Amino acid sequence: MTTNTMLRWGLYGILILFALFYLMPLFVMLTTSLKSLEEIRTGSLLALPRAITFQPWLEAWSSACAGTQCEGLRPFFWNSVLMAVPAVAISTVIGAINGYVFAQWRFRGANLFFAAILFGCFIPFQVVLMPMARMLGLMGLAGTIPGLIFVHVIYGIGFTTLFFRNYYVTIPQELVRAARVDGAGFFRIFFAIFLPLSLPIITVSVIWQFTQIWNDFLFGVSFSGAGSQPVTVALNNIVNSTTGVKAYNVDMAAAIIAALPTLFVYVVAGKYFIRGLTAGSVKG
Amino acid sequence: MEWLERNVPKLVLAPSFVAILVFVYGFIGWTAWVSLTKSKLMPRYEIDGFGQYGRLVASPRWDVAMDNLFIFGALFIVISMVVGLMLAIFLDQQIRSEGVLRTIYLYPMALSLIVTGTSWKWILNPGLGIQEMVRGWGFESFTFDWLIRPEMAIYTVVIAAVWQASGFVMALFLAGLRSVDTEIIRAAQVDGIPTHRIYTAIIIPTMAPIFLSAFIVLAHLAIKAFDLVIALTNGGPGYATDLPATYMYAMAFSRGDLGQAAASAMIMMMVIFAIVVPYLYSELRPRRDH
């Protein structure tokens, strides 16, 4: 064997080893969720289940206890859906319009305002948690899903504006000028020229926002009440629930259920997911 | 009417402007103000000076949280960058099924940190996890109980965080490698320069902006790390794995010490701004290439 082929084998060996490292937790979660507690106690972490059981999945979905509430993840899963769908839609629409203005309708002070929005993307949310809790109370939205939607929209428009602005900047300004000469107004130009070109960036924005909001824990745990907790908060409560025997298989099933929507999005639209991730960090 | 038409763009931006002004900058102002008062369970608004910051510095728990931030942050950033760069360079060697490998490396980034934490908590628990498995293979004295050892638990957070984010760094670097001018590389190859020299002398130096981006993103993730610690160790054992984010949360929502919460949040923000502001400044400078 030549040195070159040996190097090649080594290369593939290392790459596959890392692939196994990244897959291992998912594999362990999946196999553990299909084992009985008895098998978990006697078997090995990486062993395949001897007798597959779906009982833990049923329990995780509809009867596991999160704190004192024993209805499984189901109600919280729907809370997350009810929270994420409007929040994603609203923040994307606002981001599109904002980005359109920043890219094509420059005015004095626009740069400064854009910089102010960008800083808003980077603040640690801890710095707004307490006043936001009070504000939601004043608005009568404390502990409600509309309250969470509001919070996610407010702190999401920074990124969505950034996405759309960086995308629309690449559309030649001559196009807008020509349309204005023809008598088209602000909204007309947006709907007739920009919106039809926007499908890729809308996809990026929707996926980014959905992943962020679905996976959020900090806002969920700070601002939700007993009936409005999102799925991440409920998952954490189920795992830390102290009532009864520690059901690891149920914990793992619950973790996979909570992860499924974003995993699904990643699998079907990974390209756009990666574009969203890198859009914020690489020059647009 | 004409005025309206001329000002439509500004009017459209106005709601966002007000929202950002109030909910970002106004709220930061509120927190900054409260951090200078004697607020406890309820906010008080008489300025008292820097007493809260003094208490913070004197608090052993905050001390642990800051130490942890530096240990965790440094290891997380360095290891993620090394692993990410290595995987990117390896994947750049005309690897078959590169797409599949890339997908596998990056999927953790799509997961909630609560899911990641839950999963690693199970894998790392000494009773039934890796330790027990290796013992089952016949290595009776094998010990891997970092999760429950106060002085080691923070490293389990590093493991889980690297697992989550290193694939993302790989994607950043891979995009960077692919954007290097192929002409230069070909010229170097023609001149007989060995591959590793091409990487260290030509390709990696041109990727300096990507190193900076990766650093910023990772540092930002490290300082904001909250979910992962809550799910993996819940700050424990004791408060051994507290980070500033969990400290702040504990003060604000379970200890009822708004002054401490505000002061710790302000410190977090200053740490982030010390890192991000120079970066954003360089990003926002008018570019010459357009």
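Per chain, numbering begins at 1; letters A, B, ... match sequence-line order. No hydrogens, no waters, no symmetry mates; every other heavy atom, side chains included, goes into these values. Note that the coordinates shown come from a computational prediction; the quantities given were computed from them, not determined experimentally.
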**Check against side chain to side chain contact (heavy atoms under 4.5 Å, CB included), A:Lys246 and A:Leu37** = CA-CA 9 Å; A:Lys246 199 85 213 69; A:Leu37 270 184; over 6 Å; no
Specify which of [options] makes the most heavy-atom pairs with chain B at under 4.5 Å.
options                                : result
A:Pro124, A:Ala255, A:Ser44            : A:Pro124
A:Ile157, A:Val239, A:Val151, A:Leu218 : A:Leu218
A:Phe113, A:Phe21, A:Phe107            : A:Phe113
A:Asp216, A:Ile16, A:Ile154            : A:Ile154
A:Leu235, A:Leu263, A:Ile97            : A:Leu235
A:Thr262, A:Thr232, A:Leu11, A:Val267  : A:Leu11

Chain B contact via [X] - which portion, at a heavy-atom distance below 4.5 Å:
X        : answer
A:Ile256 : neither
A:Thr161 : neither
A:Val221 : both
A:Leu23  : both
A:Ile123 : both
A:Thr211 : side chain

**Asked** For chain B, which residues from residues 183-190 of chain A lie under 4.5 Å away (heavy-atom distances)?
**Response** A:Phe186, A:Phe187
Quick one: what part of [X] sits under 4.5 Å from any heavy atom of chain A, side chain, backbone, both or neither?
X        : value
B:Leu258 : both
B:Arg96  : both
B:Val22  : side chain
B:Phe90  : both
B:Met269 : both
B:Met86  : side chain
B:Leu212 : neither
B:Val83  : side chain
B:Leu101 : side chain
B:Gln164 : neither
B:Ser35  : neither
B:Pro9   : both
B:Val115 : both

**Request:** Could you tell me whether A:Asp251 and B:Lys121 make a salt bridge, using a distance below 4.0 angstrom between a side-chain N and a carboxylate O?
**Result:** no
**Message:** Would A:Phe219 and A:Tyr155 count as a ring pair (Phe, Tyr, Trp, His ring centres under 6.0 Å) here? Give the steps.
**Reply:** CA-CA 10 Å; A:Phe219 287 152; A:Tyr155 298 110; 5.7 Å; yes
**Message:** Please determine whether side chain to side chain contact (heavy atoms under 4.5 Å, CB included) holds for the pair A:Phe150 and A:Met132, giving the CA-CA distance in whole Å, both sets of side-chain angles, and the decisive distance to 0.1 Å.
**Reply:** CA-CA 10 Å; A:Phe150 177 77; A:Met132 185 49 102; 4.0 Å; yes
Could you report the tightest heavy-atom contact between [X] and [Y], atom names first, then the distance?
X        : Y        : answer
A:Ala116 : B:Ile20  : O-CG2, 4.3 Å
B:Ser39  : B:Asp257 : O-OD1, 3.8 Å
B:Met248 : B:Ala261 : CG-O, 3.5 Å
A:Phe122 : B:Ile272 : O-CG2, 3.5 Å
A:Ile207 : A:Ala269 : CD1-CB, 3.3 Å
B:Phe173 : B:Gly84  : CD1-C, 3.9 Å

**Request:** Verify the ring-centre separation between B:Tyr107 and A:Tyr266: is it less than 6.0 angstrom?
**Result:** no
**Close side-chain approach of B:Met268 and B:Lys224, heavy atoms under 4.5 Å** = no
**Contact check, side chains of A:Gln173 and A:Gln104, non-hydrogen atoms, under 4.5 Å** = yes
Could you have a look at [options] and say which one has the most heavy-atom pairs with chain A under 4.5 angstrom?
options                                : answer
B:Phe253, B:Phe273, B:Phe226, B:Trp137 : B:Phe226
B:Gly129, B:Ala32, B:Gly117            : B:Gly129
B:Leu128, B:Val24, B:Leu13, B:Leu111   : B:Leu13
B:Leu106, B:Ile223, B:Ile216           : B:Leu106
B:Ala160, B:Gly127, B:Pro43, B:Gly176  : B:Pro43
B:Phe17, B:Tyr249, B:Trp122            : B:Trp122

**Message:** So for atom CZ, which belongs to A:Arg106, do other residues, nucleotides or ligands contribute more than 12 heavy atoms lying within a distance under 6.0 Å?
**Reply:** yes
**Heavy atoms from other residues, nucleotides or ligands near CH2 of B:Trp33 exceed 12 (cutoff 6.0 Å)** = no
Modelled atom types, side-chain donor and acceptor of [X] and [Y], under 3.5 Å:
X        : Y       : answer
B:Trp163 : A:Tyr22 : no
A:Asn98  : B:Ser16 : yes
B:Tyr25  : B:Trp30 : no

**Request:** Verify, without hydrogens or angle tests, whether B:Asp227 (side chain) and B:Ile114 (backbone) share a donor-acceptor contact under 3.5 angstrom.
**Result:** no
**Message:** Between A:Phe264 and A:Leu260, is the side chain to side chain contact (heavy atoms under 4.5 Å, CB included) condition met? List the steps.
**Reply:** CA-CA 6 Å; A:Phe264 174 77; A:Leu260 272 181; 5.9 Å; no
**Prompt:** side chain to side chain contact (heavy atoms under 4.5 Å, CB included) between A:Phe217 and A:Val233: does it pass, once the steps are laid out?
**Reply:** CA-CA 6 Å; A:Phe217 179 74; A:Val233 176; 4.0 Å; yes
